[in-house]
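Here's the structure, in structure tokens; my notes come after.
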Amino acid sequence: MLHPLAQELNESLKGTAAEALFSDVGRRIYFPKGIIAQGGEAKKFATVANGTIGTTVINGTPAILPSVQKCAPDMTSRELVAYAPTAGLPEIREAWKEKQIKKNPSLKNKTTSLPAVVPGLTAGLSYIMDLFVDAEKPMLAPDPSWDNYVLIAEARRGAEFHQFPMFRNGSFNIAGLEEAVKKEAAACGSVRLILNFPQNPSGYSPTSAEVKELCRILKETAETGAKILVISDDAYFGLNYEDDIEKESLFAHICDLHENVLAVKADGPTKEDFAWGFRCGFLTFGCKGWTEEQYDALVKKLMGIIRSSVSCAATPSQSMLLKSFKDPANDEEKLQLRKVLEGRYKAVRTFVNTHKNTALEALPFNSGYFMSFRTIGIDAEELRVKLLNEKGVGTISINSETLRVAFSSIDEDKIETVYSLIYQTAEELKRG
């Protein structure tokens with residue numbers, strides 16, 4: 001039996017792609033009119049006293065230990081230790097939406113939800129799969145892909161994890177994606193697709209021409225009546241190093257593509273603002289023809305997921321980031337760090353373009369933090385262990401034939417040495 005509040009939200013989303021795509025949890029979840037909702041009302045209207053939230057308040061201000069306060073003397077106790085609303089501080093949600101539009105100008109005249117704050121992008125992706133993935137609703141992703149996708153989809157949600165080869169003949173495998181999407185649609189009547197650009201582990205971002213093809217595939221499939229969820233994992237958004245890369249997020253192109261395509265943008269300051277440990281991310285929804293009421297209903301379901309797991313994201317991260325966004329030096333500071341990453345990328349690009357190896361083939365890469373090798377005649381895990389134990393070089397084996405190298409964490413003057421060791425060790429392993 002569904003809770004009346006879940007029924008109410010489901011009714012608001014009746015006939016939409018979201019209704020058809022919901023998992024078992026997605027149908028059941030709701031945001032309770034309990035402590036958080038009642039506390040929000042009291043915050044607005046309790047003029048004499050507010051006895052709703054379990055915090056220690058002295059003279060109207062949250063209490064804070066001096067030993068904590070002195071770590072951030074320029075911030076108030078409210079900015080540091082008070083609870084944030086379930087969907088995040090309103091100011092940072094508005095600020096992030098402005099940033100999304102600035103970085104994706106085509107969003108300016110499109111209607112999307114207000115970004116909701118989640119405690120990191122991993123949590124955000126997990127919440128989306130809670131809403132839309134279960135044992136009867138498989139997840140589709142490229143191969144290779146980040147190992148957390150399969151962990152969330154299979155181990156947490158009990159779903160089948162389907163993949164298509166990401167590359168063919170040295171470029172993005174548009175034909176493979178089209179075949180996989182249409183196969184999912186025919187088998188299930190729906191598609192749940194996650195795409196990550198710049199990609200982890202390959203470090204690839206599509207060209208403008210490839211994005212047009214992606215949109216064509218999704219629109220043609222949606223026109224058959226299939227309902228499609230597309231998660232744009234934009235963790236590394238904007239870290240592009242080649243001129244032909246599409247400048248805007250895939251989300252900007254598909255958030256109003258078709259009534260049967262529900263787009264989700266998972267992004268945040270983790271990599272864009274070099275704040276990895278802040279664990280602050282955002283989820284934004286977009287679908288053609290949706291009303292504010294429908295977006296509000298879906299965000300409330302997301303809030304139910306947040307409330308039932310972590311309650312809310314951390315306040316200090318949101319407060320610090322908001323202050324950083326307002327700092328006039330913010331954009332220039334980020335530009336300087338991006339130049340550091342681009343310098344490392346170019347050093348890696350020069351190396352792989354000028355060196356041959358019989359045991360390694362570089363997968364296409366043009367952006368982000370990583371690049372990966374396809375191993376030829378050797379096992380990637382054996383190579384990883386040999387590199388670590390014998391050469392002192394740390395890498396990641398994604399699977400038996402994919403070795404990932406995070407050039408983001410290697411100083412530019414060490415690139416030549418590190419990659420020479422990788423190539424040398426791969427050849428040694430192949431010779432046996």
Next item on the list: Could you verify whether a donor N or O on one side chain and an acceptor N or O on the other, from Tyr369 and Ser409, lie under 3.5 Å apart?
Entry: no
Notebook entry, point to check: Are more than 12 heavy atoms from other residues, nucleotides or ligands located less than 6.0 Å from atom CD of Glu361?
Noted result: yes
Notebook entry, point to check: Are any of the side-chain heavy atoms of Ile128 and Leu283 separated by less than 4.5 Å?
Noted result: yes
Next item on the list: Return yes when atom CD of Glu136 has more than 12 non-hydrogen atoms of other residues, nucleotides or ligands closer than 6.0 Å, and no otherwise.
Entry: no
Next item on the list: For the pair Ser190 (side chain) and Ala226 (backbone), establish whether a donor and an acceptor sit closer than 3.5 Å, ignoring hydrogens and angles.
Entry: no
Note to self: Please find the pair of heavy atoms, one from His162 and one from Pro138, that lie closest to each other, and give the distance.
What the structure shows: CE1-CB, 3.6 Å
Margin query: Main chain of Ile410, side chain of Arg344: is a donor-acceptor contact present, judged purely on distance under 3.5 Å?
Written below: yes
Next item on the list: Could you please spell out the steps behind the salt bridge (Lys or Arg N to Asp or Glu O under 4.0 Å) verdict for Lys14 and Glu11?
Entry: CA-CA 5 Å; Lys14 194 173 182 61; Glu11 187 62 30; 5.1 Å; no
Next item on the list: For Val81 and Pro62, work out which heavy atoms get closest and say how close.
Entry: CG2-CB, 4.2 Å
Next item on the list: Indicate the atoms forming the closest heavy-atom contact of Lys97 with Ser113, along with that distance.
Entry: NZ-O, 3.9 Å
Next item on the list: Let me see the working for Asp327 and Ser324 under side-chain hydrogen bond (donor to acceptor under 3.5 Å, both in side chains), right down to the final yes or no.
Entry: CA-CA 5 Å; Asp327 191 321; Ser324 173; over 6 Å; no
Notebook entry, point to check: Quick one: do the Ser397 and Glu381 side chains pair a donor with an acceptor below 3.5 Å?
Noted result: yes
Next item on the list: Indicate whether the side chain of Glu248 and that of His253 have a donor and an acceptor atom separated by less than 3.5 Å.
Entry: no
Next item on the list: Could you check Tyr241 against Leu341 for side-chain contact (heavy atoms from CB on, under 4.5 Å), going step by step and ending with a plain yes or no?
Entry: CA-CA 9 Å; Tyr241 312 128; Leu341 290 173; 3.4 Å; yes
Notebook entry, point to check: Going by atom types only, do Asp234 and Ser249 share a side-chain donor-acceptor pair under 3.5 Å?
Noted result: yes
Next item on the list: Would you sort out whether Lys346 and Glu342 count as a salt bridge (Lys or Arg N to Asp or Glu O under 4.0 Å), showing the intermediate values?
Entry: CA-CA 6 Å; Lys346 287 181 176 178; Glu342 186 170 1; 3.5 Å; yes
Notebook entry, point to check: Do Met139 and Tyr149 pass the side-chain contact (heavy atoms from CB on, under 4.5 Å) test, and can you show the C-alpha distance, the side-chain angles, and the key distance before you say yes or no?
Noted result: CA-CA 9 Å; Met139 193 79 226; Tyr149 295 159; over 6 Å; no
Notebook entry, point to check: For the side chain to side chain contact (heavy atoms under 4.5 Å, CB included) test, which of Asn260, Val181, Leu218, Val261 pairs with Val191?
Noted result: Val181
Margin query: Between Ser308 (side chain only) and Gly304 (backbone N and O only), is there a donor and an acceptor less than 3.5 Å apart?
Written below: yes
Margin query: Under a plain distance cut-off of 3.5 Å, with no hydrogens placed, do Trp290 and Asp256 share a side-chain donor-acceptor pair?
Written below: no
Next item on the list: Provide the closest heavy-atom pair for Cys255 versus Ala252 in the form atom of the first, atom of the second, distance.
Entry: SG-O, 4.0 Å
Item checked: Point-to-point distance, once rounded to the nearest 0.5 Å, from OG1 of Thr284 to CG of Asp267 -> 5.5 Å
Notebook entry, point to check: How many angstroms lie between CD1 in Ile398 and OG1 in Thr375, if you round to the nearest 0.5 Å?
Noted result: 12.0 Å
Next item on the list: Kindly assign one of parallel, tilted or perpendicular to the pair Phe22 and Phe132, based on the angle between their ring planes and the thresholds 30° and 60°.
Entry: parallel
Next item on the list: Could you list the residues that satisfy salt bridge (Lys or Arg N to Asp or Glu O under 4.0 Å) with Asp130, not counting sequence neighbours?
Entry: Arg156, Arg157
Item checked: Stepwise side-chain contact (heavy atoms from CB on, under 4.5 Å) test for Phe282 and Val118 -> CA-CA 6 Å; Phe282 296 88; Val118 290; 5.9 Å; no
Next item on the list: Locate the shortest heavy-atom distance separating Arg93 from Pro115; write the atom from each residue and the value.
Entry: NE-O, 2.7 Å
Checklist line | side chain to side chain donor-acceptor pair (under 3.5 Å) involving Lys227 - partner list, sequence neighbours excluded | finding: none
Check: If you count the non-hydrogen atoms of other residues, nucleotides and ligands that lie under 6.0 Å from NZ in Lys414, is the total more than 12?
Finding: no
Next item on the list: Decide whether Gln199 and Ser202 meet the rule of one side-chain donor and one side-chain acceptor closer than 3.5 Å.
Entry: yes
Next item on the list: Answer with yes or no whether the side chains of Glu428 and Gln424 bring together a donor and an acceptor at under 3.5 Å.
Entry: yes
Checklist line | Ion pair check, Arg374 and Glu401, cut-off under 4.0 Å | finding: no
Notebook entry, point to check: Counting only N and O atoms by type, is there a donor-acceptor contact under 3.5 Å from the side chain of Ser372 to the main-chain atoms of Pro201?
Noted result: yes
Check: Without hydrogens or angle criteria, can the side chains of Asp244 and Thr207 be said to hold a donor-acceptor pair below 3.5 Å?
Finding: no
Next item on the list: May I ask you to decide whether Lys334 forms a salt bridge with Glu272, counting only side-chain N to carboxylate O separations under 4.0 Å?
Entry: no
Note to self: Quick one, Ile254 with Cys215, criterion side-chain contact (heavy atoms from CB on, under 4.5 Å). Give me CA distance, side-chain angles, the key distance, then yes/no.
What the structure shows: CA-CA 7 Å; Ile254 62 173; Cys215 292; 3.9 Å; yes
Next item on the list: Taking atom CG of Asp243 as the centre, report whether more than 12 heavy atoms of other residues, nucleotides or ligands fall under 6.0 Å from it.
Entry: no
Checklist line | Set of salt bridge (Lys or Arg N to Asp or Glu O under 4.0 Å) partners for Lys182, sequence neighbours left out | finding: Glu178, Glu220
Notebook entry, point to check: Taking the side chain from Gln318 and the backbone from Ala314, do they hold a donor-acceptor pair closer than 3.5 Å?
Noted result: yes
Notebook entry, point to check: In terms of side-chain geometry, is the basic nitrogen of Asp134 or Arg192 positioned less than 4.0 Å from the acidic oxygen of its partner?
Noted result: no
Notebook entry, point to check: Can any side-chain N or O of Asn357 pair as donor or acceptor with the backbone N or O of Tyr423 at less than 3.5 Å?
Noted result: yes
Notebook entry, point to check: Do Asn399 and Thr402 have a side chain donor and acceptor closer than 3.5 Å?
Noted result: yes
Notebook entry, point to check: Should the pair Asp74-Lys323 be classified as a salt bridge under the 4.0 Å nitrogen-to-oxygen rule?
Noted result: no
Next item on the list: Please determine if Glu382 and Lys386 form a salt bridge, counting it only when a charged side-chain N lies under 4.0 Å from a carboxylate O.
Entry: no
Notebook entry, point to check: Do Ser367 side-chain atoms and Pro198 backbone N/O form a donor-acceptor pair below 3.5 Å?
Noted result: no
Check: Quick check: does any side chain N or O of Asp233 sit under 3.5 Å from a backbone N or O of Ala235, one acting as donor and the other as acceptor?
Finding: yes
Checklist line | Separation between OG of Ser145 and CE of Met166, rounded to the nearest 0.5 Å | finding: 9.5 Å
Next item on the list: Taking all heavy atoms of Ile228 and all of Ala222, pick out the closest pair and write down the distance.
Entry: CD1-N, 3.7 Å
Note to self: Under a 3.5 Å threshold, yes or no: a donor from one side chain and an acceptor from the other, between Asn366 and Arg349?
What the structure shows: no
Item checked: Result of checking Tyr236, Phe370, Tyr345, Tyr204 against Phe365 for ring-ring contact (aromatic ring centres under 6.0 Å, His included) -> Tyr345
Note to self: Can a side-chain donor-acceptor contact be found between Thr358 and Glu427 if the only test is distance below 3.5 angstrom?
What the structure shows: yes
Next item on the list: Look at the side chain of Gln69 and the backbone N and O of Met75, then say whether any donor-acceptor pair between them is shorter than 3.5 Å.
Entry: yes
Margin query: Checking the side chain of Thr425 only, and the main-chain atoms of Ile422 only, is there a donor and an acceptor separated by less than 3.5 Å?
Written below: no
Item checked: Under 3.5 Å side-chain donor-acceptor pair for Asn10 and Glu19 -> no
Next item on the list: For atom NZ of Lys219, decide whether the heavy atoms of other residues, nucleotides or ligands shown that lie under 6.0 angstrom number more than 12.
Entry: no
